[in-house]
K.L.:
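Can you read through this structure? Questions will come right after.
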Amino acid sequence: MAGEDPFTAFRSEVEAALRATLQELGAELEDLALERPPEGMGDLALPCFPLAKTLRKAPNAIAEDIASRLRSTGMIEKAEAKGGYVNIHVRFDMLAGSILEKALSLKERFGSGEPKGVKVLLEHTSVNPTGPIHIGRARNPIIGDTIARIMRLAGYDVTTEFYVNDVGRQVATMAWGVKNLDIGETADRDKDDHRFVSYYRGANEKADADPKVLAEIDDLLYKLEHGDPETARITRETSERVLDGMLDSLRQINVNIDQFTWESRLVEDGSVDEVIAKLVGSDYCHEDEGARYLELETFGISGRETKWVFTRADGTSLYTTRDLAYHLDKFARSDVAINILGEDQKLGMQQLAAALTTIGSDRKPEAVFYAFVSLPEGRMSTRKGTVVTLDDLIDEIVERAYEEVRKRRTDLSEERMREIARTVGIGALRYNIARIQAEKQIVFKWEEALNFEGSSAPFVQYAHARACSILRKAEKQAAATSAVAAVTKLTTYHERELLKLIARLPSVIADCAEGRKAHLLASYAQELASQFNQFYRYVPVLRAEGDTLEARLALVEAAKWALGNALGCLGLDAPEEM
RNA sequence: GGGCGCGUGGCCUAGUCUGGAUAUGGCGCUUGCCUCCUAAGCAAGUGGUCAGGGGUUCGAAUCCCUUCGCGCCCGCCA
C-alpha cells in the first residue's frame with residue numbers, strides 16, 4: 001500500500017477483511033459505508049442494518065456473526081458487535097509507530113498526498129479594481145487561498161490567478177471620474193485603493209444624476225474597447241494602482257497570488273473576437289437590433305429572460321463574452337479550472353457552461369460559490385460606501401490582539417509582542433471566515449470577529465505554541481527510531497486519542513481537497529487542538545523518563561507538525577510562543 | 001412570476017452529497033482547577049419540536065412533496 005497514509009491503510013485493510021467475511025456469510029454490500037464510531041467504541045464501524053433484509057436476521061446478530069469471523073490480522077486488533085454495528089479497533093502500536101515515523105520524517109509535508117500530476121488553475125478574488133477590498137469580498141481570497149493550500153498539500157499542482165477586470169463600464173466610469181473630478185485628498189487612508197474609490201463613487205453619483213455624463217462614460221467605454229491610447233493609459237494606470245493597494249491588503253492576510261490575467265489582453269490579442277466568431281456560427285445565435293445573443297432556453301436556463309447577449313448593438317463585447325474567452329484560455333493552461341465566486345454569479349456560470357457547449361468545448365468550469373457577508377444593518381456596497389474594509393478590520397483585530405498579548409506577557413519585547421499580535425489577529429480573521437461552510441450567509445459582527453477563545457485561530461495556535469514550548473525545553477528532538485520503538489509506552493487514553501486524531505490529517509486533507517472545502521479543515525484543527533490541550537493537561541511530558549519520555553516527545557512533535565500543517569493550509573502562522 | 005441556496009439550544013456552528021448507535025463543537029450563563037511542560041487552557045453543569053406539515057423507510061437533521069422565513073439571481077452592467 002505504498003503512498004497510503006497509515007489510517008487509510010487500516011481502512012483499506014478493514015474493507016478487504018469485511019468483504020471477505022461478507023462473502024463467507026453469503027452477503028454483499030456495494031458500499032460498506034464505514035463510519036467513525038462514538039468515542040471509546042473503536043476506530044471504524046460497519047452498520048449492519050442494510051444486511052438485515054437479505055440475510056433475514058437481526059442487525060445485531062449479523063454484526064455478531066461478522067465480528068466473530070473477522071480475523072485480527074495486520075492492523076486490525078479486534079472487532080466487537082454492538083447495537084447493530086461491527087466496531088473495529090485498530091492495533092494501536094502499529095498505527096502509532098507508523099504515524100510517528102511519518103510525521104517526524106515528513107515534517108511540513110506530513111498530511112500530504114501523492115503527487116497527482118494534475119494542473120489546477122484556481123482563480124479567486126478577481127474583484128473589480130475600483131476600490132478597497134471590503135469584508136464581504138474578503139471571503140473570496142480566504143476561501144480561495146485556503147483551498148489552494150489544501151490542494152497543494154494534497155498533491156495537486158496548483159496555480160492561483162487573479163483576473164483583473166480592466167475592461168468594461170466600471171473602469172470607464174472610474175476613468176471618467178479621474179479625468180473630470182477634482183476630489184483631492186479625501187481618502188480615509190494613504191493607499192491608492194482607498195484614494196481612487198472616491199473618483200468611482202463620485203462618477204457614479206454624477207452619472208445617476210446626469211444622462212450626459214452617462215453618455216460620456218459610454219463614449220469612453222467605446223474608445224477603450226477600440227484601442228484609444230489615452231483612455232487605455234488612464235484605465236491601465238488607475239487599475240494598476242488600485243490593484244496594488246488591494247494586493248497589499250491581501251498580503252497582510254497571507255494571500256499571495258501567483259498570476260494575473262488582464263481582461264484587456266483578451267480584447268487586444270483577438271481572443272474575444274475569435275470567441276465572438278465562434279458564437280456567431282452557433283445554431284443558437286440570433287440577432288436583435290444589431291445586438292447578438294444565444295437563445296439558451298433549451299439548456300435549462302429559466303426565468304424572465306433566456307437570451308444571453310454577447311455583443312451590444314454597437315458591436316462591443318460584454319463581460320460574459322470576455323469571460324468566455326478567458327475560460328478557453330484557462331482550459332488551455334490547465335487540467336482543472338476552479339473559480340471561487342459569489343453566489344450572484346451562479347446563473348452567469350450556468351450560461352457560460354451552456355455557451356461553451358454551443359461552441360463545442362468539452363471542458364466545464366468548476367466553481368465554488370459562497371454567500372455574501374453582510375453587516376447587521378444590511379449588505380455592503382462599494383458604490384454606496386456602506387462597507388467595512390478589510391484594512392479597517394485588519395487594523396482593529398491586530399490592535400485587539402496586541403492588547404491581549406500585553407495582558408498576558410510582560411517578558412516580551414515590544415517588537416515581539418507586535419509580531420505575535422499580528423499572527424494571532426490575522427489568524428483570527430481568516431479562521432473566522434474559513435470555518436463556515438461557503439454557502440452559508442455570514443452576518444459580520446465585531447464581537448464575534450474579535451473572539452480569541454474557543455473555536456478560533458488562537459486556540460489552535462496556542463496548542464501549537466505549547467507543543468513548541470515542550471520541545472524547546474526538552475533541549476533535544478526526539479530520535480525518530482527510538483521513539484517508534486517506544487510507542488508501546490503510549491498507553492494512556494489521552495495519548496492514544498491524540499495520536500489517532502493526528503493520524504487522520506492526511507485523509508482530512510484529501511477530503512477537503514476533493515470536496516473543495518475549507519471549513520472541514522478548520523473543524524479538524526479545532527478538534528486536534530482540543531485533544532492536544534487535554535493531553536497537555538493530563539499527561540506530563542518533561543517529567544517522564546526513559547522510553548516514556550522519548551515516546552511522548554515524539555507524540556508532541558507529531559502533534560506540532562499536524563497542528564502546524566493544518567494552520568499552514570488555513571493560511572495562519574504557527575507561532576512558537578504566544 | 002421563475003430559478004438557485006440557506007434555516008440545527010439565547011447566539012454562532014459540524015453533520016445533509018453517500019439515511020443508522022444518547023445530534024458536533026464553540027460563545028453565553030453557573031461552578032470548580034495555576035507551589036505542576038504558557039489558564040488565549042482543562043473539567044463539571046445549564047440549554048435542542050434539527051423552521052412547520054405530510055410522505056418513503058425497520059430507521060430521517062439527512063431522501064421526496066409542500067408551506068413559511070431569509071439571501072442571491074433572472075441587464076445591449078460587471
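Chain letters run A, B, ... following the sequence lines, proteins first and then strands; every chain starts at 1.
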K.L.:
Any strand is fair game: report the nucleotide pairing with B:rG59 by Watson-Crick or G-U wobble, both distances under 3.5 Å, or none.
P.N.:
none
K.L.:
What does A:F459 touch in the nucleic acid at a heavy-atom separation under 4.0 angstrom: a base, only the sugar-phosphate, or nothing?
P.N.:
sugar-phosphate
K.L.:
Counting the atoms with a prime plus P, OP1 and OP2 as sugar-phosphate, which does A:A45 contact under 4.0 Å by heavy atoms, base, sugar-phosphate, or nothing?
P.N.:
base
K.L.:
Which part of the nucleic acid does A:R409 contact within heavy-atom distance under 4.0 Å: base, sugar-phosphate only, or nothing?
P.N.:
base
K.L.:
Hey, does A:V539 reach any base, or is it just sugar-phosphate, or nothing, if we go heavy atoms under 4.0 Å?
P.N.:
base
K.L.:
Applying a 4.0 Å non-hydrogen cut-off, can you work out what A:Q345 is touching in the nucleic acid: base, sugar-phosphate, or nothing?
P.N.:
base
K.L.:
Output the rounded distance in Å from CZ (A:F452) to P (B:rG26).
P.N.:
19 Å
K.L.:
Considering only the C1' atoms, how many Å lie between B:rU22 and B:rC74, rounded to the nearest integer?
P.N.:
47 Å
K.L.:
Indicate syn or anti for B:rC50, taking the glycosidic torsion and treating anything within 90° of 0 as syn.
P.N.:
anti
K.L.:
Verify whether one side chain among A:Y431 and A:Q461 offers a donor that lies under 3.5 Å from an acceptor in the other.
P.N.:
no
K.L.:
With both distances under 3.5 angstrom, what nucleotide forms a Watson-Crick or G-U wobble pair with B:rU22?
P.N.:
none
K.L.:
Any donor-acceptor pair under 3.5 Å linking the side-chain atoms of A:Q526 with those of A:S530?
P.N.:
no
K.L.:
Using distance alone, with no hydrogens and no angle criterion, decide if A:S374 and A:Q441 have a side-chain donor and acceptor under 3.5 Å apart.
P.N.:
no
K.L.:
Looking across every strand, which nucleic acid part, if any, lies under 4.0 Å from A:V424 by heavy atom: base, sugar-phosphate, or nothing?
P.N.:
base
K.L.:
Could you give the CD1-to-C1' distance, from A:I433 to B:rC12, as a whole number of Å?
P.N.:
13 Å
K.L.:
Taking the P atom of each, how far is B:rG1 from B:rG47, in whole Å?
P.N.:
43 Å
K.L.:
Using atom C1' of each nucleotide, how far apart are B:rU18 and B:rU62 to the nearest Å?
P.N.:
10 Å
K.L.:
Pick the C1' atom in B:rA40 and in B:rU56, then give their distance to the nearest Å.
P.N.:
49 Å
K.L.:
Taking a pair as Watson-Crick or G-U wobble with both distances under 3.5 Å, which nucleotide is matched to B:rC4?
P.N.:
B:rG71
K.L.:
Any donor-acceptor pair under 3.5 Å between the side chain of A:N87 and the base of B:rA21?
P.N.:
yes
K.L.:
Roughly how many Å is it from OH in A:Y538 to C1' in B:rC36, rounded to a whole number?
P.N.:
14 Å
K.L.:
Taking the six-membered ring for Trp, does A:Y85 stack with B:rA21 (centroid gap under 5.5 Å, planes within less than 30°)?
P.N.:
yes
K.L.:
Side chain of A:R304, base of B:rC74: donor and acceptor closer than 3.5 Å?
P.N.:
yes
K.L.:
I'd like to check, for A:Y462, whether its ring lies over the base of B:rA40 with centroids under 5.5 Å apart and a plane angle smaller than 30°.
P.N.:
no
K.L.:
Among B:rA78, B:rU38, B:rA14, which nucleotide sits nearest the side chain of A:E263?
P.N.:
B:rA78
K.L.:
Applying a 4.0 Å non-hydrogen cut-off, can you work out what A:P50 is touching in the nucleic acid: base, sugar-phosphate, or nothing?
P.N.:
base
K.L.:
Roughly how many Å apart are B:rA23 and B:rU13, using the C1' atom of each and rounding to a whole number?
P.N.:
13 Å
K.L.:
If the C1' atom of B:rA51 is compared with that of B:rC6, how far apart are they to the nearest Å?
P.N.:
11 Å
K.L.:
With a 3.5 angstrom cut-off on both distances, give the Watson-Crick or G-U wobble partner of B:rG32, or none if there isn't one.
P.N.:
B:rC42
K.L.:
Taking N and O atoms by type only, does the side chain of A:Q441 place a donor or acceptor under 3.5 Å from a partner on the base of B:rG5?
P.N.:
yes
K.L.:
Under 4.0 Å, counting only non-hydrogen atoms across every strand here, what does A:V541 touch: a base, just sugar-phosphate, or nothing?
P.N.:
base
K.L.:
Do A:N533 and A:R466 pair up side chain to side chain, a donor and an acceptor below 3.5 Å, judged on atom types alone?
P.N.:
yes
K.L.:
Pick base, sugar-phosphate or nothing for A:I301, based on heavy-atom distances below 4.0 Å to the nucleic acid.
P.N.:
nothing
K.L.:
For the residue pair A:S264 and A:D166, confirm or rule out a side-chain donor-acceptor distance under 3.5 Å.
P.N.:
yes
K.L.:
Provide the Watson-Crick or G-U wobble partner of B:rG47, both distances under 3.5 Å; none if there is no partner.
P.N.:
none
K.L.:
Have a look at A:A33 and say if it touches a base, only the backbone sugar-phosphate, or nothing, with a 4.0 Å heavy-atom cut-off.
P.N.:
nothing
K.L.:
Indicate, with a heavy-atom threshold strictly under 4.0 Å, whether A:R552 touches base, sugar-phosphate, or nothing.
P.N.:
nothing
K.L.:
Aromatic ring centroids of A:Y284 and A:F299 under 6.0 Å?
P.N.:
yes
K.L.:
In the structure shown, which nucleotide is the Watson-Crick or G-U wobble counterpart of B:rC37, with both distances under 3.5 Å?
P.N.:
none
K.L.:
I'd like the P distance from B:rC73 over to B:rC64, given in whole Å.
P.N.:
26 Å
K.L.:
Report which part of the nucleic acid A:A463 touches: base, sugar-phosphate, or nothing (heavy-atom distance under 4.0 Å, all strands).
P.N.:
nothing
K.L.:
With sugar-phosphate meaning primed atoms plus P, OP1 and OP2, does A:K346 contact a base, only sugar-phosphate, or nothing at under 4.0 Å between heavy atoms?
P.N.:
sugar-phosphate
K.L.:
Using the ring pair (Phe, Tyr, Trp, His ring centres under 6.0 Å) rule, pick out the option among A:Y293, A:W308, A:F310 that qualifies with A:H286.
P.N.:
A:Y293
